Amino acid sequence: MFETLEPLPPDAILGMMALYRADPDPRKIDLSVGVYQDEEGRTPILESVKRAERAVFENEDTKTYVAIAGNAAFNRGVEGLLFGDAHPAVADGRVVTLQTPGGSGALCVAAHLIRRARPEARVHISEPSWPNHIPLLTLSGLEIATYPYYDQRAHRVDFERMVDAVEKIPAGDLLLLHACCHNPCGADLTRDQWQTLAELCERRGIVPFIDLAYQGFAEGLDEDAYGVRLMSERMPEVVVVSSCSKNFGLYRERVGSVSIVAANAESAKGVASHAANVARGIYSMPPDHGAAIVARILGDAELRALWEREVAEIRTRLNALRRLLADKLAERSTPVDFSFIANERGMFSFLGLDRERVVALRERFHIYMIESSRINVAGIRPANVDYIADAIAAVLE
Ligand code: LMR
């Protein structure tokens, strides 16, 4: 039977991570996978996580199952992060949150739940989007469509074209939006644009489906949840998926969440029951460890303050690295104006290079990025930025 399965091409992102790891050249630089790196090129464990982890180890007294929906304290803590302290949707009992295995697990549960609730619904995804959005969501059988989002020439959100496309989305379909730090382009929606989209979704009966994988990396923890909170105030139904991989640095622990805002508390009961049934059918229960760490951080004033400072440091550093690279490229008078890199947010920007130049950067200079020319700015360091800028200038000659 299995001889029918031909090998597939490597994953666009994780395949590049593997190529980088296999490269023995000491000059190699990893701008590929969306993982934070510090000044030494390491992906450190946050101090708040280390302390919380010690407390978890000391206090845990069983390894029995937790629950299908995961850790209740984690779910409450994450709802606070996503929706704020006193969001009416939460107060009215309209929000159902489940801990999931990473943001990918959250997308998967959401997709199956949507398919169960409305099999004909399509999910409209930004062009471009995270390369795994479509493969992951279509596994449930959901149909996907795309809407224009990023103007590659002007390096900005093409909001007029986006709105034109959203105007044509039929009622009951879902609009997948990146809450902040758009992956892969780093160009985010402004508050005015969120307002426009909220009006549009309301008028057309479109259900917002918001992916928040980088909360705290753009403007701040509350600021980055603006779209989530606005949509959940205005709309009867919203789907929110989030990840603790980046802002807690818990990548390999697989911690995320899915929150469904239902039209009313009665409907939320049906959502909770079906979401649990979907999760049970896919993975039964999420892993405990990472969520126990997050729950401890969010439930302890001191640890939480430490974590918030650590997230702020990462955010400040990412923005400084953006400025640094843009300045270094400007010094080299490249034919392309790269000043947009400094204005974008989060880990990613598109350099706007064609595939041939991306391959040249990899093969001649050992600089790894996704073939779309998406870079992870966290891989830039004061010690390698001149080398990177020289290499980009060289392939543009
Ligand atoms: C990325 O976009 O690089 C990250 O979200 C890692 C992944 O799973 O693709």
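Both ligands and their constituent atoms are indexed starting at 1 by order of listing. Note that the structure is a prediction, hence the values are computed from the model and not measured.
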Have a look at Phe348, Trp130, Tyr251 and point out the one with the heavy atom closest to atom 9 (O) of ligand 1.
Trp130
Please confirm whether Arg315 makes a cation-pi placement over Phe217, using NZ or CZ under 6.0 Å from the six-membered ring centre and within 45° of the ring normal.
no
Taking the six-membered ring of Phe83, is NZ or CZ of Arg229 closer than 6.0 Å to its centre and within 45° of its axis?
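The answer is no; the distance or angle limit is not met.
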Give a yes/no on ligand 1: does Lys246 have at least one heavy atom closer than 4.0 angstrom to it?
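Within the 4.0 Å threshold, so yes.
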So for atom CD, which belongs to Glu356, do other residues, nucleotides or ligands contribute more than 12 heavy atoms lying within a distance under 6.0 Å?
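Not more than 12 within 6.0 Å, no.
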Check for me whether the distance between the ring centres of His178 and His133 falls short of 6.0 Å.
yes
With ring centroids as reference points, do Tyr149 and His182 lie under 6.0 angstrom apart?
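That pair passes the under 6.0 Å test.
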List every atom of ligand 1 that sits less than 4.0 Å from any heavy atom of Tyr214, numbering the atoms from 1 in the order shown and giving each element.
5 (O)
Quick one: which ligand 1 atoms are inside 4.0 Å of a heavy atom on Val33?
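Listed by number with element: 3 (O), 6 (C).
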Which segment of Arg374 sits under 4.0 Å of ligand 1 when only heavy atoms are counted:
side chain
Contact region, Asn183 to ligand 1, non-hydrogen atoms below 4.0 Å, reads side chain
Parallel, tilted or perpendicular, as decided by the 30° and 60° cut-offs, for the rings of Tyr387 and Phe365:
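Because their plane-to-plane angle is over 60°, the rings of Phe365 and Tyr387 count as perpendicular.
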Check: Gly34 N/O within less than 3.5 Å of ligand 1 N/O
yes
